[in-house]
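Notes for the one structure printed next.
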Amino acid sequence: MSRLLENLNPEQLAAVTLPPQPALILAGAGSGKTRVLTTRIAWLLQTGQATPANILGVTFTNKAAKEMLTRLGAMLPINTRGMWIGTFHGLCNRLLRAHYREAALPQTFQILDTTDQLAAIKRLLKTLNIDDEKFPPRELQHFINGNKEAGYRPAQVEAWDDYTRMRVELYKEYDDQCQREGVVDFPELLLRCYELLSRNEPVRRHYQLRFRHILVDEFQDTNRLQYLWLKLLAGHGEPARSHSPSPLTDEESLEHADGAARNWAAVFAVGDDDQSIYAFRGAEVGNMRDFEHEFGVSRVIRLEQNYRSHGNILDAANAIIANNSKRLGKNLWTDQGSGEPIRVYEAPTDIDEARWIVEEIQQLIRDGASRSDIALLYRSNAQSRVLEQQLFSAGVPYKVYGGLRFFERQEIKHALAYLRLLANPDDDTAFLRVVNFPTRGIGARSVEQLQDAARSFNTSLYATVPHLSGKPAVAIGAFVRLVEEARQTTRELPLPEVVDHILDASGLRKHYQAEREGQERLENLDELVSAARYFLNDMDQPVAEGEEPMPGDPLSRFLAHASLEAGDHQAEAGQDAVQLMTVHAAKGLEFDAVFITGVEDGLFPHEQSMNDLVSLEEERRLMYVAITRARQRLYLTLAQSRMLHGQTRYAIRSRFLDEIPEELMKWLTPRVQAGFGGGARYYGGSQDAVPRSPVNAPVQKSRDLAGLRVGQLVRHAKFGEGVIVAAEGSGQDAKLQINFGDAGMKWLLLGLAKLEPV
DNA sequence: CCGATCCAAGTTTTT
DNA sequence: CTTGGATCGG
């Protein structure tokens with residue numbers, strides 16, 4: 001039998017070799033998900049069940065798509081280039097470029113990234129004379145994207161109040177503006193593509209017949225629109241579609257499903273509801289359930305054997321996630337033995353916490369660990385600072401993930417804006433970005449006049465310039481001539497030379513040469529030329545047999561690439577370094593040793609997510625993801641006080657800590673009894689569905705609280721037992737905020753109230 | 001047009 | 001405490 005299938009466990013084997021039918025694979029953390037996905041594709045190809053052209057592989061990130069292609073290339077001696085494996089957005093971009101006319105887009109349509117989109121919205125509000133206090137651009141952006149991602153055009157949005165009616169109106173205006181300018185934002189790529197497929201029967205038919213197997217990674221992260229898109233492409237989304245007039249029931253036709261008899265694609269969805277941590281940006285875990293029912297999944301395969309972590313780590317993860325409701329259900333196990341206990345360390349302050357972590361890391365390294373196998377995880381980016389400071393002063397090399405990305409840098413975006421104007425002069429966002437950068441004497445007044453004129457002529461800014469008169473006409477006319485000349489000069493040039501030319505013609509190089517701190521920016525601009533060279537080179541490689549090359553001219557494709565793939569996050573490879581990142585960023589990664597830091601109520605779970613059950617459960621999944629990153633050793637650390645927003649705040653340990661069975665943990669500092677951890681968790685006076693805890697209450701001075709401390713349980717003659725939630729002032733004047741449970745929350749003076757420690 | 005200064009806000013993030 | 005945005009003089 002095929003070597004491909006060697007060393008797969010029974011469940012993996014079952015998944016890989018499933019007959020063509022809708023399949024849902026619940027793949028736990030570290031259970032070999034990517035392996036199953038790629039082996040499945042390789043198996044389909046190797047056994048002749050499918051040709052590369054029959055496969056559609058969908059991921060969320062470019063990284064995941066590349067990973068799939070690389071692994072596939074290693075498994076089979078085939079050319080994977082040109083195969084339709086990519087992100088939702090990348091695939092939609094490809095479809096829209098191939099069918100730009102049917103999609104009513106200009107051939108050179110440009111893609112707005114999140115920042116460009118916000119700028120476009122601000123500009124819209126300005127031209128419409130809308131008060132951006134009443135309609136905050138960010139909120140409007142959220143509104144528009146949310147609706148697009150739910151599949152709603154303005155006409156389909158239900159508006160019950162004047163405010164929303166206005167937002168819908170603005171949504172419509174915004175769409176019109178984008179259409180005029182020939183630009184699409186991220187959600188538009190998907191929605192436009194979805195509409196193309198649903199309205200254009202021949203196009204839809206073509207791809208439905210072509211893609212017999214659709215494989216989806218991280219299915220739990222799909223939003224509504226992505227789900228609908230998959231459904232449509234798979235042939236499950238058309239009530240009107242003429243199915244074969246076979247009298248077979250669904251179940252029977254599935255059994256006979258092969259080749260031409262089958263009139264829908266086999267969707268192979270891999271996901272893990274327990275690792276759904278992107279609901280905040282529109283992901284709908286519910287899609288997994290819907291998929292199961294609407295596609296008629298007959299058998300859900302669970303991959304529960306974990307090849308990554310030791311038993312104690314998995315037990316802790318399982319114990320925590322068991323507190324969530326509405327799970328599809330899954331329990332990770334390993335045959336690796338239980339391993340070391342989970343180490344817990346509680347420090348007085350965030351600085352002490354960081355200092356201790358660094359010492360521990362140095363010990364690990366002395367014991368032979370390599371730095372890159374150690375990760376420091378935190379809930380929010382702001383927490384990295386203290387850790388960095390301590391690592392830095394101890395001289396431990398580290399890398400922080402999550403910084404600015406290459407194509408998001410100011411100088412790069414400026415250069416790209418010039419290039420966008422070459423490709424599509426109607427792109428007003430690009431126009432405004434660089435019309436006066438580098439400065440060429442075009443002020444706000446001139447631009448305003450131009451915008452007014454553009455509005456009355458109903459043309460793009462660029463096209464309006466010839467209609468101008470007076471002083472603005474001269475200055476802006478010169479700018480347009482600059483762009484036109486560049487267009488002429490570069491017409492016949494290869495892409496890298498186009499880029500290089502525009503850097504000089506625009507004056508960008510000169511500008512940054514004159515700037516004191518401009519050296520790095522200049523280097524980045526040169527890097528952009530290299531990126532173009534690399535891109536062109538890559539583009540010219542032959543594609544797999546039977547594949548058509550990607551449509552579109554090189555420049556537009558390069559620009560799309562820049563928008564869709566903003567580049568790696570800052571942490572450039574290089575020397576062996578400790579890895580710092582948010583828990584979100586750590587998803588999909590694994591390390592020998594993991595420190596989860598700031599395990600405090602208010603931080604993790606985040607205070608803005610602890611007050612309702614739905615978001616608290618997402619926080620819990622986040623903790624589950626964090627824990628399951630560790631292979632051998634897991635540390636949970638917390639601090640009693642930390643500097644946040646310039647204020648010292650006090651916190652108590654995370655409720656998630658109390659969900660881990662005692663016997664799995666080893667406390668390196670005394671475990672402080674704070675009156676919870678036992679049965680009584682509801683000491684908040686409110687009737688919330690979620691137990692509320694005292695959170696990071698602000699305090700001013702350092703405290704001398706007569707031996708008491710925040711988080712401590714005390715007894716009051718009248719109010720009974722309560723937990724100290726916060727303190728203000730010090731000495732006998734100190735005021736203490738105490739939560740007495742049923743008696744409510746009280747501020748008491750330390751000097752007056754008779755408090756006894758319990 | 002540009003720098004200086006003031007003020008408000010402040011999860012998680014990919015495309 | 002930081003950062004980004006807006007605003008105000010020169």
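Chain letters run A, B, ... following the sequence lines, proteins first and then strands; every chain starts at 1.
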Using atom CD1 of A/I442 as one end and atom P of B/dC1 as the other, report the distance to the nearest whole Å. 8 Å
Compare side-chain N and O positions of A/T439 against OP1 and OP2 of B/dC2 and report whether any pair is under 4.0 Å apart. yes
Whole angstrom value for the distance that separates P of C/dG4 from CD of A/E408: 13 Å
Evaluate the side-chain hydrogen bond (donor to acceptor under 3.5 Å, both in side chains) criterion for residues A/Q117 and A/Q141: first the C-alpha distance (whole Å), next the side-chain angles of each, then the deciding distance (0.1 Å), finally the verdict. CA-CA 8 Å; A/Q117 186 191 26; A/Q141 181 178 35; 2.9 Å; yes
Taking all non-hydrogen atoms of both residues into account, name the closest pair between A/S609 and A/S615 and its distance. O-OG, 3.3 Å
Among B/dC2, B/dT12, B/dT15, the one nearest A/N62 by side-chain distance: B/dT15
Give the nucleotide from the list B/dT15, B/dT14, B/dT11 with an atom nearest to the side chain of A/F186. B/dT15
Protein-nucleotide distance (A/M610, atom CE; B/dT12, atom C1'), rounded to Å: 16 Å
Could you check which of B/dT15, B/dT11, B/dT12 has an atom nearest any side-chain atom of A/E619? B/dT11
A/N436 side chain: which of B/dT13, B/dT12, B/dC1 is closest? B/dC1
Which nucleotide, B/dT11, B/dT15, B/dC1, lies nearest any side-chain atom of A/H606? B/dT11
Rounding to an integer number of Å, can you tell me how far A/Q647 CD sits from B/dA9 C1'? 13 Å
Looking at A/Y278, does the NZ or CZ of A/R281 lie under 6.0 angstrom from its six-membered ring centre and within 45 degrees of the ring axis? yes
Taking only the side-chain heavy atoms of A/Y278 (C-beta and beyond), determine which of B/dG10, B/dT13, B/dT15 contains the nearest atom. B/dT13
Nearest listed nucleotide, side chain of A/R281, among B/dT14, B/dT11, B/dT15: B/dT14
Provide the distance between the two P atoms, one in C/dG4 and one in B/dT13, to the nearest whole Å. 16 Å
Determine the contact category for A/A444: base if any of its heavy atoms lies under 4.0 Å from a base atom, sugar-phosphate if only primed atoms, P, OP1 or OP2 are that close, otherwise nothing. sugar-phosphate
Of the options B/dC2, B/dT14, B/dT12, whose atoms approach the side-chain atoms of A/T61 most closely? B/dT14
Examine B/dT15: is either OP1 or OP2 under 4.0 Å from a nitrogen or oxygen in the side chain of A/R405? Give yes or no. yes
Using whole Å, what does the distance between atom C1' of nucleotide C/dT3 and atom CD of A/Q410 come to? 15 Å
With a cut-off of less than 4.0 Å, is there a side-chain N or O of A/N381 near OP1 or OP2 of B/dT12? yes
By nearest nucleotide on DNA chain B, pick out whichever of A/R445 and A/H584 is the more 5' one. A/R445
Cationic N near anionic O, under 4.0 Å, A/R153 to A/E188: yes
Taking the side chain of A/R385 as its heavy atoms from C-beta onward, which of B/dT12, C/dT2, B/dT14 lies nearest to it? C/dT2
Would you kindly give the CD-to-P distance between A/Q220 and B/dT14, to the nearest whole Å? 15 Å
Pick from A/R405, A/R420, A/K413: which one makes a salt bridge (charged side-chain N to carboxylate O under 4.0 Å, His left out) with A/D113? A/K413
I'd like to know if A/T114 reaches the base of B/dT13 with its side chain, counting only an N/O donor and acceptor under 3.5 Å. no
Distance, rounded to the nearest Å, where A/N223 contributes CG and B/dT13 contributes C1': 14 Å
Calculate the interatomic distance between A/L225 atom CG and B/dT15 atom P; express it in whole Å. 17 Å
Most 5' of A/S563 and A/F280 on DNA chain B, judged by nearest nucleotide: A/F280
Hey, do the aromatic rings of A/H414 and A/Y512 have their centres closer than 6.0 Å? no
What nucleotide, of B/dT13, B/dT11, B/dT14, holds the atom closest to the side chain of A/T582? B/dT13
